Each structure stands twice: as structure tokens, then as C-alpha cells.
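One structure is given below, encoded as C-alpha cells.
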Amino acid sequence: MCPPKFYDVNYVINPWMSGHIHDSSRQVAAEQWQRLYSAVTEIAEVVLVEPQPGSPDMVFTANAGLERNGVVVLSRFFHAERQGEEQHFRHWFDEAGYTVLNVPRDIPFEGEGDALFAVDGSRLWAGYGPRTLQSSHHYLSEAWKIEVVPLHLIDPRFYHLDTCFAPLEDGSVMYYPPAFDNPSIERIEAYYAKDKRIIIAEADALCFACNVINANRTVILNKVSDTLSEQFESRGFRVVQVELSEFLKAGGAAKCLVMKLSGTPC
Ligand SMILES: NC(=O)NCCC[C@H](N)C(=O)O
């Protein structure tokens with residue numbers, strides 16, 4: 001995670017940021033982030049990356065890259081506004097001993113924001129459209145010798161895969177279908193049986209319900225509807241809701257604020 005020391009909405013690179021330039025409170029953001037940090041430390045070991053001036057979106061560490069088994073494919077940000085973050089994340093991964101792989105400079109790829117492993121590790125769900133280019137998927141497939149399943153994002157509000165799709169550790173998936181084109185929905189439905197699909201309504205999707213941190217049977221997410229919370233509980237999940245309104249102004253919530261690492265590399 002990355003403390004929100006320099007967090008702000010300084011530019012508009014997604015529809016959520018529009019109308020929110022310098023509209024977020026750094027004090028409130030710090031309090032919300034601290035509550036999220038405390039919740040995450042209960043289910044995982046958390047390591048921090050040093051925030052950097054001039055990189056207000058660096059708090060969204062899900063976009064640093066994608067890691068598995070000590071190998072990281074670093075992000076190549078689509079927007080110039082975030083490209084300055086790449087050197088800082090690269091430095092952190094180098095220092096921590098990860099094997100760092102790159103996609104070519106001219107092929108945008110936004111890390112865990114757009115790429116999520118199936119919980120059994122058998123495939124990689126990979127979004128493309130607003131940020132990540134589909135041609136980056138080849139490099140992901142090569143990095144882990146894994147099947148990459150493309151999912152086309154068609155709603156600008158759901159510009160990263162992790163805003164509208166989340167494989168959960170009980171073998172289910174939650175997703176907001178209108179964010180995807182039909183072939184992508186068919187790919188999701190071909191993999192997940194009907195009883196494993198948690199369809200998210202628009203109101204919850206707009207509260208970033210799919211942007212969920214999940215470890216074992218705990219889910220940590222922004223405030224969502226009672227209906228959805230009860231649905232999680234009936235499936236055996238412990239639900240931890242953390243108000244993240246200041247981060248929604250930049251287009252991110254719980255899962256965007258963390259990057260999942262599989263462990264310290266040897
Ligand atoms: N969805 C994510 O994985 N991250 C949120 C990134 C928010 C940031 N303002 C962006 O537009 O890139």
C-alpha cells in the first residue's frame with residue numbers, strides 16, 4: 001500500500017475525476033486510508049511504498065503492475081499523468097528482489113487494475129479497452145506461461161477490470177455485466193456456473209462494490225447496499241465495509257488501494 005501523503009485529484013483521466021479537481025480532503029482521505037490499512041493488516045501482512053510528490057494517484061498501488069511467484073510485469077500507464085509512477089514502483093520491486101519484466105513502452109498495461117488471476121491460478125482474466133491494450137496480453141501469457149482470457153471493457157465509468165469484476169476465493173465471481181461486451185460475458189459465463197455468479201446491480205457497481213479485497217472468507221470494500229452485504233454473508237463471507245468516498249473522487253476504492261503480492265521473493 002502507499003500512504004496518501006500526496007493524494008489529490010489534480011487532473012481528469014477518468015469520468016469519476018471530472019468535477020473533483022482539488023475537491024478531496026487530504027485529511028479525510030488519510031483517515032479513510034488508515035481505516036482500510038487497519039482492516040487489511042488483520043488479514044494480510046502489509047508492506048508500504050514511499051509516496052512521491054507529483055504522483056497523486058500512486059496510492060492506487062493495484063496499478064503498479066501484476067505479480068505472481070516473485071515475477072512482476074510492471075505497468076505502462078496509458079496516461080502521461082501517471083507514467084512518472086513507473087520508476088518509483090520499478091525501484092521498489094528491484095529493491096525487494098522481484099524479477100521485473102516489462103511490456104514495450106508503446107503498449108499500455110495497467111497492472112492488477114486490468115489483470116486478475118483466477119483463484120486456482122489456472123488462468124488470467126485480462127481487461128482491455130480504456131487503459132490496457134489487448135496486445136499486452138501476450139506478454140502476460142509469456143511471463144507466467146498461463147492462459148489469458150480477454151475481457152473487453154465498454155463503459156468508460158468502469159475503465160479498469162477491477163472496477164467491475166472480482167474472482168472470489170470461494171470459487172464465485174462478482175461482476176457488473178453492462179461493463180462488458182457480449183463475447184466477454186459469454187467467456188465469464190462459460191467458466192462460472194450460474195450459482196457461482198454474483199451479479200452486481202448498477203447502484204452497488206457505482207459504489208465500487210466489485211473493487212473488493214478478498215482473502216479467504218473476508219471481503220473488504222467500500223460501503224455497499226444491505227442486500228449485497230447480506231448476499232456475501234449468506235455465502236459465508238465476513239464483510240468489512242470502509243467508507244472510501246475521498247478515493248472514489250479519483251475513480252478508485254478498496255482493491256485499487258492495495259496490490260496483492262504472493263510473498264517475499266527468494
Ligand atoms: N481501478 C484501479 O485499479 N485504480 C484506480 C486508479 C484511479 C486513477 N485516478 C486513474 O484513473 O488511474
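Order of appearance sets the numbers: ligands from 1, and atoms from 1 within every ligand. What you see is a predicted model, and the numbers here were worked out from it, not measured in a lab.
- Heavy-atom proximity to atom 9 (N) of ligand 1, evaluated over Gly251, Ala250, Gly252, is greatest for Ala250.
- Close approach of ligand 1 to Met17 is summarised as follows: ligand atoms under 4.0 Å from at least one heavy atom of the residue are 9 (N).
- Listed by number with element, the atoms of ligand 1 under 4.0 angstrom from any heavy atom of Asp57 are 8 (C), 9 (N), 10 (C).
- The two residues Glu246 and Asp23 have their closest heavy-atom pair at OE1-O, 4.3 Å.
- Interface atoms of ligand 1 facing Ile13, defined by a heavy-atom separation under 4.0 Å, are 10 (C), 11 (O), 12 (O).
- Contacts of Glu112 with ligand 1, taken as heavy-atom pairs under 4.0 Å, are absent altogether.
- Ranking the protein heavy atoms by distance from atom 5 (C) of ligand 1 puts Tyr159 OH, 3.3 Å first.
- Using a non-hydrogen distance threshold of 4.0 Å, Phe77 does not register as a contact of ligand 1.
- Neither the backbone nor the side chain of Trp16 comes within 4.0 Å of ligand 1, counting heavy atoms alone.
- In summary, the aromatic rings of Phe109 and Tyr139 are positioned with their centroids too far apart to meet the 6.0 Å limit.
- Ring-plane geometry between Tyr192 and Trp125 is classed as parallel, the angle between the planes falling under 30 degrees on a 0 to 90 degree scale with a further cut at 60.
- Near Arg131, meaning under 4.0 Å from any of its heavy atoms, are these atoms of ligand 1: 10 (C), 11 (O), 12 (O).
- In terms of polar-atom proximity, Asn211 is not counted as a contact of ligand 1, lacking any N or O under 3.5 Å from an N or O of the ligand.
- For the atom pair Leu161 CG and Lys255 NZ, the distance stands at 8.5 Å (nearest 0.5 Å).
- Residue Gly113 approaches ligand 1 through these ligand atoms, each under 4.0 Å from one of its heavy atoms: 3 (O).
- A cation-pi arrangement is not found for Arg35 relative to Trp33, the charged atom failing to lie both closer than 6.0 Å to the ring centre and inside a 45° cone about the ring normal.
- Using a 4.0 Å cut-off to heavy atoms of Thr163, the atoms of ligand 1 that qualify are 1 (N).
- The pair Lys196-Glu189 does not meet the salt-bridge criterion, since no charged nitrogen lies less than 4.0 angstrom from a carboxylate oxygen.
- Put simply, CG on Asp94 and CG on Leu74 are 8.0 Å apart, with the number rounded to the nearest 0.5 Å.
- Contacts between Lys255 and ligand 1 below 4.0 angstrom, taking non-hydrogen atoms only, are absent altogether.
- Shown in contact with Cys256 at under 4.0 Å from a heavy atom are these atoms of ligand 1, numbered in order with element: 1 (N), 2 (C), 3 (O), 4 (N), 5 (C).
- A salt bridge links Arg157 to Glu202: at least one charged side-chain nitrogen sits closer than 4.0 Å to a carboxylate oxygen.
- For Phe117 and Trp144, the distance between ring centers is under 6.0 angstrom.
- Relative orientation of the Tyr7 and Phe247 rings is tilted, given thresholds of 30° and 60° on the angle between their planes.
- Considering each of Asn14, Asn63, Val258, the one bringing a non-hydrogen atom nearest atom 6 (C) of ligand 1 is Asn63.
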